[in-house]
Number of protein chains: 2
Amino acid sequence: MQLKNQVEWALHCCSILAGLPDGRYLDTKSLAQLHGVPKEYLSKALQALAKAGLVLSTLGPSGGYRLARAASGITFWDVVSAIEGPGPAFVCTEIRRNNPCRPKSTCDAKACIVARVMWEAEDAWREKLRGMTIAKLVDQVVEEVPADLMEATAVWVGERS
Amino acid sequence: MQLKNQVEWALHCCSILAGLPDGRYLDTKSLAQLHGVPKEYLSKALQALAKAGLVLSTLGPSGGYRLARAASGITFWDVVSAIEGPGPAFVCTEIRRNNPCRPKSTCDAKACIVARVMWEAEDAWREKLRGMTIAKLVDQVVEEVPADLMEATAVWVGERS
DNA sequence: TCCTTATGGACATATAATATCCTTAAAGGA
DNA sequence: TCCTTTAAGGATATTATATGTCCATAAGGA
């Protein structure tokens, strides 16, 4: 079990878009260069974010993407679920029904206990992701990344947005 | 991103093995029939549990598997990590290093912030799984599953162990 | 009109999950 | 000793998913 690389890409892209001058857009090509990932495939991830309403896009020269709302209103879960889909990682195939001792007529009041436990654990994971926003991420980045690299990147992005 | 079906199978198998009469073994064939899953493939999952030290196996007639220790000493995380591997679901490919503005000499003191956040969320998931044991699972099963089905299954298993 | 860009579909490849088959060796019973 | 049963593990096949590329289309800006 592994999350798609697109999750990593999308989160990094969001942190870049969060630092964009107001009203400006950054295009796929620049985001791909900045992260060293294939432009065409990154494009699919950005399209997923757009479809989920997390980013806005515009066409033509100086087109590209920007965040659809304040970075404080976009959580890690928003991004992860946009890329991976909102469904659970644990899929219950109801193998309890295959018990040969079980009468056909048996009707299950509750979901399988195994599934419920697995889903509770996922809830804890999801809650953690919901508690982290792109804004908080950017705060951390500003705190940890050397100021000159932050500045150089801002200039690089500014030239392309 | 989805967990393997083998995780579901392995957990159900553990709950069955936990109910086994002392010192008895239940074979792969019976476990497969009981859950309606392919014997050969389930066998791979059981081998993974054995390799992880969660179950013991023995050969020959009346051979099969039993828990290697008390059900209270086996957690959901033990089973999940035996099947899925202990590694994180989020894999950091260090795309921050691909930033063209970044001097080659840059050395990272800490892991990427994005990765750290994702891993913290996974820790919460893992902790939930660590907090649930096969013994607790069995308690819940006893509480929720109709007594006659529990009894019939115990008889069925008893005849084959 | 021309260039740039996102969109979306089609397609190709790589990797992982699922599934089956077969050989080997060990355990138990006849 | 011989035969049956069983787990172990390797080889292989099949299917699904992830990754990656390409192209046609439509829309925005110069």
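Residue numbers begin at 1 in each chain, while the letters A, B, ... track the order of the sequences. Side chains are part of it too, since the values below use all heavy atoms of this structure and drop only hydrogens, waters and symmetry mates.
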Interatomic distance where [atom1] belongs to [X] and [atom2] belongs to [N] [whole Å]:
X	N	atom1	atom2	answer
B:Y41	D:dT12	OH	P	19 Å
B:Q2	C:dT18	CD	C1'	12 Å
B:L49	D:dG9	CG	C1'	16 Å
A:L3	D:dT17	CG	C1'	14 Å
A:L56	C:dT7	CG	C1'	15 Å
B:K4	D:dT17	NZ	C1'	14 Å
B:I83	C:dA16	CD1	P	17 Å
A:N5	D:dG20	CG	P	7 Å

Heavy atoms, side chains only, cut-off 4.5 Å: are [X] and [Y] in contact?
X	Y	result
B:L3	A:V91	no
B:L56	B:Y65	no
B:V79	B:I74	yes

Remember a base hit wins even if backbone is also touched, and classify [X] as base, sugar-phosphate or nothing at under 4.0 Å, heavy atoms.
X	value
A:K29	nothing
B:S43	nothing
A:S62	nothing

Which of these nucleotides, [options], is closest to any side-chain atom of [X]?
X	options	answer
A:E84	D:dA18, D:dA7, D:dA11	D:dA18
B:P61	D:dG10, D:dT5, C:dT5	D:dT5
A:A50	D:dA7, C:dT7, D:dG9	C:dT7
A:Q47	D:dA7, D:dG20, C:dG8	C:dG8

5′-ward residue of the pair A:E40/B:Y65 relative to DNA chain D: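 Final value for this comparison: B:Y65.
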Name the residue closer to the 5' end of DNA chain D, choosing between A:L59 and A:W9 according to the nucleotide with the nearest heavy atom.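 So the residue in question is A:W9.
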Between the base of C:dG8 and the side chain of A:K51, is there any donor-acceptor pair under 3.5 Å?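 Donor-acceptor pair under 3.5 Å: no.
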Is the base of D:dG20 touched by the side chain of A:K39 through a donor-acceptor pair closer than 3.5 angstrom?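 Between D:dG20 and A:K39, which were checked side chain against base, a qualifying N/O pair under 3.5 Å is absent.
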Can you see if the side chain of B:T58 gets near the phosphate of D:dA7 - specifically, an N or O under 4.0 Å from OP1 or OP2?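 For B:T58, the contact criterion (side-chain N or O under 4.0 Å from OP1 or OP2 of D:dA7) is not met.
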Salt-bridge criterion met for B:R102 and B:D108 (N-O under 4.0 Å):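 Salt bridge flag = yes for B:D108 with B:R102.
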B:N99 and A:T153 side chains, donor-acceptor separation under 3.5 Å: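 Yes, a side-chain donor-acceptor pair sits under 3.5 Å.
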